[in-house]
Amino acid sequence: MKLKIFLFLFALNAACAAKALTASTAFVDAPAEVFPTIDRMTRLDMLDYFNSGSQKPSKNAFKGDCRILSANDSQITVSTSEVSEVAMSLIPQKSDTIIMVITTLKTPQDDSSVKFYTSSWKEIKKGLFLVPQLDDWMLPEAKERKKDLENAFPFMLARCVYEPSTGTLTLINNVGGFLPEEDAQWAGPLLRSSITYRWNGKKMVKVND
């Protein structure tokens with residue numbers, strides 16, 4: 001009887017280990033809304049090429065090149081086309097593993113959007129990350145020119161980079177390259193070059209200046 005229980009528990013543990021979530025398995029199982037131009041079979045091919053050390057690209061739904069740029073257990077970065085890139089990172093939490101998806105478009109300056117999902121791919125729409133507004137980007141000396149900055153910057157462009165080892169999400173200011181030169185010269189120095197957030201176990205919190 002004890003042997004049967006032992007074998008059952010061993011098999012159960014092995015099954016759980018086999019199903020352990022990694023960035024690669026999350027990439028393969030992601031819903032179409034995350035990778036609308038790359039189907040599941042193509043993603044499996046991309047993993048095979050990457051794991052074998054091949055630089056051969058796969059083709060997305062529009063016959064453009066796509067390939068895995070880097071991958072480990074907690075993070076995978078994928079070039080989905082010539083102008084887009086997706087980075088998926090696993091963020092451990094007590095009750096679940098959160099999947100953070102950073103999609104970056106070259107427009108023509110790199111601009112990223114961030115979404116969060118549960119391990120079963122249910123989107124978490126609130127509570128984990130508050131996108132910084134112009135006030136967050138402004139340096140203290142810029143307060144007197146706030147109206148001018150609001151007119152010059154109807155929107156911000158920023159590339160997001162997540163570092164799993166430190167739990168930090170860094171937003172890099174890219175709006176300067178989008179502005180006319182005369183605006184970039186006076187407005188650029190009044191904005192932060194980057195803003196950093198750190199995962200505190202529950203959400204992304206802005207690191208103090």
Side-chain angles (χ1 to χ4, degrees), residues 9-106 110-125 128-129 158-172 196-204:
L9 293 175
F10 179 82
L12 182 62
N13 289 334
C16 291
K19 293 182 179 179
L21 183 65
T22 66
S24 293
T25 58
F27 167 63
V28 171
D29 294 334
E33 67 184 71
V34 178
F35 293 102
T37 64
I38 308 176
D39 62 38
R40 194 174 191 275
M41 289 304 299
T42 301
R43 294 179 222 166
L44 288 169
D45 288 341
M46 293 166 68
L47 273 174
D48 286 342
Y49 292 143
F50 179 81
N51 291 331
S52 66
S54 172
Q55 296 297 313
K56 180 180 178 181
S58 298
K59 296 295 181 181
N60 61 31
F62 300 105
K63 306 303 180 184
D65 288 350
C66 55
R67 58 166 57 86
I68 295 173
L69 302 177
S70 63
N72 55 45
D73 284 348
S74 61
Q75 189 175 66
I76 185 168
T77 303
V78 182
S79 174
T80 54
S81 73
E82 293 182 356
V83 296
S84 59
E85 181 180 297
V86 174
M88 296 174 51
S89 303
L90 304 186
I91 303 177
Q93 199 182 36
K94 277 188 176 180
S95 58
D96 192 15
T97 295
I98 292 173
I99 304 171
M100 179 172 65
V101 178
I102 299 175
T103 302
T104 301
L105 301 176
K106 304 178 190 303
D110 289 2
D111 186 40
S112 301
S113 61
V114 182
K115 290 186 176 182
F116 296 87
Y117 299 85
T118 66
S119 60
S120 57
W121 286 107
K122 181 179 180 180
E123 186 175 355
I124 306 170
K125 296 186 177 181
L128 298 187
F129 173 58
R159 180 180 179 88
C160 298
V161 179
Y162 180 69
E163 176 51 58
S165 63
T166 58
T168 53
L169 175 67
T170 302
L171 282 67
I172 303 167
T196 300
Y197 293 77
R198 179 172 288 111
W199 182 255
N200 71 354
K202 295 181 178 179
K203 62 181 180 179
M204 289 290 178

ask   = Can you say whether the rings of Tyr197 and Phe129 are parallel (under 30°), tilted (30 to 60°) or perpendicular (over 60°)?
value = perpendicular
message = For Phe50, give me all partners under side-chain contact (heavy atoms from CB on, under 4.5 Å), at least two apart in sequence or on another chain.
response = Ile68, Ala71
task = Test side chain to side chain donor-acceptor pair (under 3.5 Å) on Thr22 and Ser24 and set out the steps.
result = CA-CA 5 Å; Thr22 66; Ser24 293; 4.7 Å; no
request  = Could you check Leu69 against Glu85 for side-chain contact (heavy atoms from CB on, under 4.5 Å), going step by step and ending with a plain yes or no?
outcome  = CA-CA 9 Å; Leu69 302 177; Glu85 181 180 297; 3.6 Å; yes
ask   = Quick one: do the Ser54 and Ser52 side chains pair a donor with an acceptor below 3.5 Å?
value = no
request  = Give a yes-or-no answer on whether the side chains of Ser120 and Thr118 include a donor-acceptor pair shorter than 3.5 Å.
outcome  = yes
Say you draw a straight line from [atom1] of [X] to [atom2] of [Y]; how long is it, rounded to the nearest 0.5 Å?
X      : Y      : atom1 : atom2 : result
Leu90  : Ile98  : CG    : CD1   : 10.5 Å
Lys115 : Ile99  : NZ    : CD1   : 14.0 Å
Met46  : Cys66  : CE    : SG    : 4.0 Å
Leu169 : Ile102 : CG    : CD1   : 5.5 Å
Met204 : Met100 : CE    : CE    : 4.5 Å
Tyr49  : Ser58  : OH    : OG    : 5.0 Å

Distance-only, no hydrogens or angles: does the [X] side chain make a donor-acceptor pair with backbone N or O of [Y] under 3.5 Å?
X      : Y      : result
Asn60  : Thr80  : yes
Glu163 : Ser165 : yes
Gln75  : Tyr162 : yes
Asn51  : Leu47  : yes

Quick one: closest heavy-atom pair of [X] and [Y], and the distance?
X      : Y      : value
Gly201 : Gln93  : O-CG, 3.6 Å
Trp121 : Pro31  : CD2-CD, 3.3 Å
Lys202 : Asn200 : N-OD1, 2.8 Å

Which donor-acceptor pairs under 3.5 Å do the side chains of residues 32-40 make with protein atoms, sequence neighbours left out?
{"unit_1": "Glu33", "atom_1": "OE2", "unit_2": "Tyr117", "atom_2": "OH", "d": "3.4"}
{"unit_1": "Asp39", "atom_1": "OD1", "unit_2": "Met41", "atom_2": "N", "d": "3.3"}
{"unit_1": "Asp39", "atom_1": "OD1", "unit_2": "Thr42", "atom_2": "N", "d": "2.8"}
{"unit_1": "Asp39", "atom_1": "OD1", "unit_2": "Thr42", "atom_2": "OG1", "d": "2.8"}
{"unit_1": "Arg40", "atom_1": "NH2", "unit_2": "Asp29", "atom_2": "OD1", "d": "3.0"}

message = If you count every heavy atom of other residues, nucleotides or ligands that lies below 6.0 Å from Arg67 atom CZ, does the total exceed 12?
response = yes
inquiry  = Can you confirm whether Lys122 is buried at NZ, in the sense that more than 12 heavy atoms of other residues, nucleotides or ligands lie under 6.0 Å from that atom?
reply    = no
Residue from Ser79, Ser84, Ser112 passing side-chain hydrogen bond (donor to acceptor under 3.5 Å, both in side chains) with Thr104 = Ser112
task = Go through the steps for Phe116 and Ile91 under the test side-chain contact (heavy atoms from CB on, under 4.5 Å), then give the verdict.
result = CA-CA 10 Å; Phe116 296 87; Ile91 303 177; 4.3 Å; yes
key: From Thr196, Thr168, Ile172, residue fulfilling side-chain contact (heavy atoms from CB on, under 4.5 Å) relative to Val161   = Ile172
inquiry  = Set out, in order, the CA-CA distance, both residues' side-chain angles and the distance that settles salt bridge (Lys or Arg N to Asp or Glu O under 4.0 Å) for Arg159 and Asp111, then state yes or no.
reply    = CA-CA 5 Å; Arg159 180 180 179 88; Asp111 186 40; over 6 Å; no
Results of salt bridge (Lys or Arg N to Asp or Glu O under 4.0 Å) for Lys203 - residues two or more places apart only = none
task = With side-chain contact (heavy atoms from CB on, under 4.5 Å) as the test, would you mind laying out the steps for Val28 and Leu44 before giving the verdict?
result = CA-CA 6 Å; Val28 171; Leu44 288 169; 3.8 Å; yes
